[in-house]
Structures are given as structure tokens and as C-alpha cells.
Amino acid sequence: MEDTGYTMKDGRHWFVDGWKLFTKSPLMLILGTVIWILLEVLLALLPVIGEILDALIFPVMYGGFLYAIREVDEQRKMKISHFFQGFIDSAKLKPLLILGLLMVFFEIIEAGLIVTLGPFTALILAAPLGLLVISALLYSVPQVMFSDSKPVDAIKSSYYNCGRHISAMITVYLFLILFALLSVVTIGLAMILIIPVTFCALYISYKAIYR
């Protein structure tokens with residue numbers, strides 16, 4: 001695999017191209033996003049266990065979303081079932097759930113910090129750990145979804161490529177922070193666009209790095 005050394009400018013182009021990819025099937029991608037949000041709302045009704053389940057299945061849903069996006073990218077018709085491909089494909093479900101344990105671990109640590117130190121201090125202390133978890137999942141999930149990569153190997157590869165293309169990844173992280181702030185300002189309404197566009201951009205970046 002050639003070391004292309006992607007830059008901050010490349011990171012910006014991933015989001016530009018992600019938007020273009022999103023516009024190829026916006027209604028279906030928005031529908032998939034709404035379904036995911038509704039699922040999270042339902043899980044939120046279950047005290048404690050709902051949060052754990054939500055964290056555990058995040059890689060499964062993320063993988064399904066990327067699968068649906070690939071269908072559009074490769075000029076095939078997207079179906080609602082594609083968003084749940086991580087659940088449908090039994091060979092992918094177990095390794096994706098193993099990746100989900102990272103999210104569960106982070107949620108437990110964050111909850112413990114909030115209880116002992118308060119929300120503001122917990123946010124500051126949990127941020128570095130959150131960044132590590134995000135970096136682990138960014139490319140480990142598509143590797144598991146689109147190849148036969150094992151969870152641990154996929155995580156190592158994701159960390160390696162995030163580090164190898166650190167300039168581009170800084171841009172990606174800045175976009176994620178910006179989108180998180182935008183979501184807060186719009187009381188979550190912007191998530192209907194932010195989620196699918198972001199995942200399209202991440203799919204584009206995955207293709208660029210792992211081509």
C-alpha cells in the first residue's frame with residue numbers, strides 16, 4: 001500500500017466528495033438516519049441497559065450505513081435492508097459487536113467520571129479517550145464490513161492509518177467537532193443531515209486510504 005501522505009486539504013475534499021455522494025440518494029440516506037435515531041430513542045427509554053446496547057451496536061449500524069453507501073457509490077439501488085447488513089450478515093455481526101465493546105468501555109468510563117467529578121470535568125478528561133475510541137472505529141468497522149479483517153487487526157490498522165495521515169485526520173476531527181456543535185445549536189435537528197454526510201465522507205476517506 002503506497003504511502004500517499006494525505007493532507008488537511010485532502011481531508012476537506014473527503015467531505016466535499018461525501019456531500020456529492022450523499023446527493024446521489026439523499027432521501028434514502030435521510031430515511032436510514034431517521035430509523036437509526038428512532039432506534040436510539042427507543043433504547044434510551046431503557047435505563048442503563050439501553051445505553052449499553054446503543055454503544056454495543058454502534059459499529060453494527062455504522063457498518064450497515066457504510067454498506068448502504070457503497071451500494072450507491074457502485075451505482076446499485078439502495079434498500080432499507082442495507083442499513084442493517086451488519087445484523088443480517090452473521091459472519092460480520094460477531095466481529096462488529098466485539099468492536100462495540102470499545103464503545104461500551106468508553107460509556108462506562110465516562111459515566112463513572114460524571115458521577116465522581118461532574119459533567120464538565122468528565123468531558124475534559126474523557127475527551128482523549130473518546131478520540132482514541134473514534135480513531136479505532138473509523139476504519140476498523142469498514143475493514144471488518146468489507147473484508148475478512150479480524151477486530152484486533154482492524155483496530156491496529158485503523159490507528160496506523162489515522163497516524164500515517166494525521167494531517168488529513170486533523171481536518172476530519174475538526175469537521176466532527178464542528179458538526180457536534182452544530183447539532184447542539186440546532187437541538188439535534190441537524191443530525192438528519194450531519195450523520196449521512198459524515199458517513200459518506202468517511203467512506204470516501206476509507207476508499208482513498210485502503211484502495
Cluster link Leu102 to Tyr173, ILVMFWY, side chain under 4.5 Å
yes

Can Asp73 and Lys207 be said to form a side chain to side chain contact (heavy atoms under 4.5 Å, CB included), step by step?
CA-CA 11 Å; Asp73 184 48; Lys207 281 209 314 177; 2.8 Å; yes

Approximate separation, where rounding is to 0.5 Å, of Phe65 CZ and His82 NE2:
13.5 Å

Before giving the answer on side chain to side chain contact (heavy atoms under 4.5 Å, CB included), spell out for Lys77 and Val72 the whole-Å C-alpha distance, their side-chain angles and the decisive distance to 0.1 Å.
CA-CA 6 Å; Lys77 185 178 180 180; Val72 174; over 6 Å; no

Quick one: pull up CG in Leu38 and OG1 in Thr33 and give me the separation to the nearest 0.5 Å.
11.0 Å

Can you confirm whether Asp148 sits close enough to Lys92 that some side-chain heavy atom of one is under 4.5 Å from a side-chain heavy atom of the other?
yes

Please find out if less than 6.0 Å separates the ring center of Phe175 from that of Trp14.
no

Give me the ring orientation class for His165 and Tyr6: parallel if the planes are under 30° apart, tilted from 30 to 60°, perpendicular past 60°.
tilted

Which is it for Gln75 and Lys24 under the side chain to side chain contact (heavy atoms under 4.5 Å, CB included) test, yes or no, and what are the steps along the way?
CA-CA 9 Å; Gln75 310 300 319; Lys24 291 184 178 181; 3.8 Å; yes

Are Phe146 and Met78 linked, directly or through other ILVMFWY residues, by side chains that come within less than 4.5 angstrom of each other?
yes

Report the C-alpha separation of Phe15 and Val172 in whole Å, then their side-chain angles, then the decisive distance to 0.1 Å, and conclude whether the side chain to side chain contact (heavy atoms under 4.5 Å, CB included) test is met.
CA-CA 8 Å; Phe15 279 86; Val172 171; 4.1 Å; yes

Rounded at 0.5 Å granularity, tell me how far CG in Leu113 sits from OG1 in Thr121.
9.5 Å

Verify same cluster id: Ile69, Ile35 (apolar side-chain graph, 4.5 Å):
yes

Rounded to the nearest 0.5 Å, how far apart are NE2 of His13 and OG1 of Thr171?
10.5 Å

Side chains of Cys200 and Leu29: closer than 4.5 Å at any heavy-atom pair?
yes

Among Ile52, Leu96, Leu39, Leu93, which residue satisfies the side-chain contact (heavy atoms from CB on, under 4.5 Å) criterion with Ile57?
Leu39

Against Val60, only a single residue in Leu97, Val144, Leu99 fulfils side-chain contact (heavy atoms from CB on, under 4.5 Å); can you say which?
Leu97

Is it the case that Ser140 and Tyr159 place a side-chain donor and acceptor less than 3.5 Å from each other?
no

Should we count CD of Glu51 as having more than 12 external heavy atoms under 6.0 Å?
no

Suppose we call two aromatic rings close when their centres sit under 6.0 Å apart. Are Phe199 and Trp36 close by that rule?
yes

Linking I/L/V/M/F/W/Y whenever their side-chain heavy atoms sit closer than 4.5 Å, directly or via other members, would Ile170 and Ile134 fall into one cluster?
no

List the atom of Gly86, the atom of Met145, and the distance in Å for their closest heavy-atom pair.
N-CE, 3.8 Å

Between Gln143 and Ser157, is there a side-chain donor-acceptor contact under 3.5 Å, judged purely by atom types and distance?
yes

Leu138 and Met169, any side-chain heavy atoms less than 4.5 Å apart:
yes

Is there a donor-acceptor contact under 3.5 Å linking the side chains of Asn161 and Tyr210?
yes

Correct closest heavy-atom pair for Thr198 and Ile194 would be OG1-O, 2.7 Å

Of the non-hydrogen atoms in Ala55 and Glu107, which two are nearest, and what is the gap between them?
CB-CG, 3.7 Å

For Leu132, does its backbone N or O pair with a side-chain atom of Ser135 as donor and acceptor, under 3.5 Å?
no

Consider only side-chain heavy atoms of I, L, V, M, F, W and Y, link residues closer than 4.5 Å, and tell whether Phe83 and Val34 are in one cluster.
yes

Any side-chain heavy-atom pair from Met61 and Phe84 closer than 4.5 angstrom?
yes

Straight-line distance of Leu176 CG to Leu131 CG, nearest 0.5 Å:
9.5 Å

Asp54 and Met103, any side-chain heavy atoms less than 4.5 Å apart
no

Sub-4.5 Å side-chain heavy-atom contact between Phe120 and Ile114
no

Close side-chain approach of Ile209 to Tyr139, heavy-atom, < 4.5 Å
yes

Of all heavy-atom pairs linking Pro59 and Leu56, the shortest is CD-O, 3.4 Å

Are more than 12 heavy atoms, taken from residues, nucleotides or ligands other than Ile187, located less than 6.0 Å from that residue's CD1 atom?
no

For Leu181, the rest of its hydrophobic cluster, which grows through side-chain links under 4.5 angstrom
Ile177

Output the rest of the hydrophobic cluster of Leu45: all Ile, Leu, Val, Met, Phe, Trp and Tyr residues reachable through side-chain heavy-atom contacts under 4.5 Å, sorted by chain and number.
Leu42

Return the CG to OG distance between Asp153 and Ser158, rounded to the nearest 0.5 Å.
12.5 Å

Check whether any side-chain heavy atom of Glu74 sits under 4.5 Å from a side-chain heavy atom of Arg70, and report yes or no.
yes

